[in-house]
Protein chains: 2
Amino acid sequence: MKSDRVLSTADERRAKVVSSAVATFAQGGFHAVTIADVAKHAGISPAYVLKLFTSKTQLFTAALEECYRRIMAEFKRAGDSAEDASPTGVLDAMGEAYADLIGDRDLLMLQVHAQSAATVEPLIGEAVRGGIAALTDYLASRTRVEGWRIQQFLAVGQLCHLLTTIDAFDVDAPWAKLLTEGIRHADARPSGSPAD
Amino acid sequence: MKSDRVLSTADERRAKVVSSAVATFAQGGFHAVTIADVAKHAGISPAYVLKLFTSKTQLFTAALEECYRRIMAEFKRAGDSAEDASPTGVLDAMGEAYADLIGDRDLLMLQVHAQSAATVEPLIGEAVRGGIAALTDYLASRTRVEGWRIQQFLAVGQLCHLLTTIDAFDVDAPWAKLLTEGIRHADARPSGSPAD
DNA sequence: TGAATGAGTGGCTGTTCACTCACTATTTTG
DNA sequence: CAAAATAGTGAGTGAACAGCCACTCATTCA
């Protein structure tokens, strides 16, 4: 056993830093969060973060890819353990899974920030496109539902992103009630409540 | 006639600067675009931009409010001139109007960037909330459709924002075809083509 | 054990940017 | 026409930040 090691391997560090990057970039987005912020969260020096990832853009991109990886894994898990194995049953299970997954907001906000940074940082744009492509392909081939249902699925997801960023789930006004009605949200409904 | 004036009034300048701010912030978002960028676009000095708007955040917020104002105006126009005056007919007309309106991308991208900046800059967050609230209230009271249709309407709008930022309308791949199928997009379909 | 490699850091640098201020030029008003 | 008010600018300031480099300390391996 090597538990008396005081240094990590570079790969361990990279994983830890990616995880910190997800949490930190989710707070303020690409431009508002500094490498020093991420480094502090990971407990290492800013210089070493840059040595591990060569540029801020690549660091953000790595975080984003991790984000899509987590979502994909959750879709797979939900799909495999769905009670109702019909196409729409599987899709519904994945919807539930997504709602649970983004309860902590990090994965959700990172996507919002990535979308904003996509044009100025082409690498990020490609990562978003790749992530959405992979998610869409997986949903289509795994569920076999009609195309419009997948459109719908993503559309509602995007609406959920918007409603979360403006805290609509906590607003007590007609417009907010109207928009959040029936939209599953981990914080808004105790798990186990009937959906729709 | 005062055409020999060489100085503008502050109000004229403000309007011009807001318009420049919409166009400029739409390119890179709140953090990536500088006051100097906006000033150059408006043809005045950065110092004077700051004198007219006191802070970068207020400038961005003014641009965002202008954005919602334009959308709202277009909704009103479309609603009033809808051929089919039934609730869903009016809503459809507004959907068409929105698709046309965001053909130039500025209004669309500004919203995407605003969503990203909303948490770090609370003033922007409030402006987004206010804009969505006003839009939702107007849609609900003017069209009188069921709530879920308005949800749907906004959800598809948000999906459209995503698809535009990743240029999905120009991608020739199954996932892109699937997601853009039937989604109206000013650049994608010549005006006058049958929708749905 | 000692050389080679890898982990990790402190401090610097050049640049960029929001915001300030003292100032000039123009327009209005009495 | 004088003076008050308004439009507009140039030059600067201080802070923040990405990326770089020379360096130290730990680990491995021959």
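Throughout, a chain's letter reflects where its sequence line sits, starting with A, and its residues are numbered from 1.
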(request) Kindly indicate, with the supporting measurements, whether the criterion salt bridge (charged side-chain N to carboxylate O under 4.0 Å, His left out) is fulfilled by Asp37(B) and Lys40(B). (result) CA-CA 5 Å; Asp37(B) 292 334; Lys40(B) 181 176 287 183; over 6 Å; no
What is the distance, rounded to the nearest whole Å, between atom [atom1] of [X] and atom [atom2] of [N]?
X	N	atom1	atom2	result
Ile44(B)	dA25(C)	CD1	P	19 Å
Arg14(B)	dA7(D)	CZ	C1'	11 Å
Arg13(B)	dT26(C)	CZ	C1'	13 Å
Leu59(A)	dG19(D)	CG	C1'	13 Å
Lys56(B)	dA15(D)	NZ	C1'	15 Å

(request) Compare every heavy atom of Leu110(B) with every heavy atom of Cys67(B), then report the nearest pair and how far apart it is. (result) CB-CD2, 3.8 Å
(request) Taking all heavy atoms of His113(A) and all of Ala26(A), pick out the closest pair and write down the distance. (result) NE2-O, 3.2 Å
(message) I'd like to know if the side chain of Arg129(A) reaches the main chain of Ile166(B), judged simply by a donor and an acceptor atom lying under 3.5 Å from each other, with no hydrogens or angles considered.
(response) yes
(message) For the residue pair Asp11(B) / Thr9(B), report whether a side-chain donor-acceptor contact shorter than 3.5 Å exists.
(response) no
(request) Would you kindly say whether Gln115(B) and Gln115(A) are connected by a side-chain donor-acceptor distance under 3.5 Å? (result) no
(request) Could you check which residues of residues 21-40 of chain B get a heavy atom under 4.0 Å from DNA chain C? Sort them by number, please. (result) Val33(B), Thr34(B), Ile35(B)
(request) Enumerate the residues from residues 46-53 of chain A whose closest heavy atom to DNA chain D is under 4.0 Å, giving them by residue number; use none for an empty result. (result) Ala47(A), Leu50(A), Lys51(A)
(message) Please verify the inter-ring angle class for His31(B) with His31(A); under 30° counts as parallel, over 60° as perpendicular, anything in between as tilted.
(response) parallel
(message) Suppose we screen for side chain to side chain donor-acceptor pair (under 3.5 Å). Which residues come up paired with Thr143(A), at least two apart in sequence or across chains?
(response) none
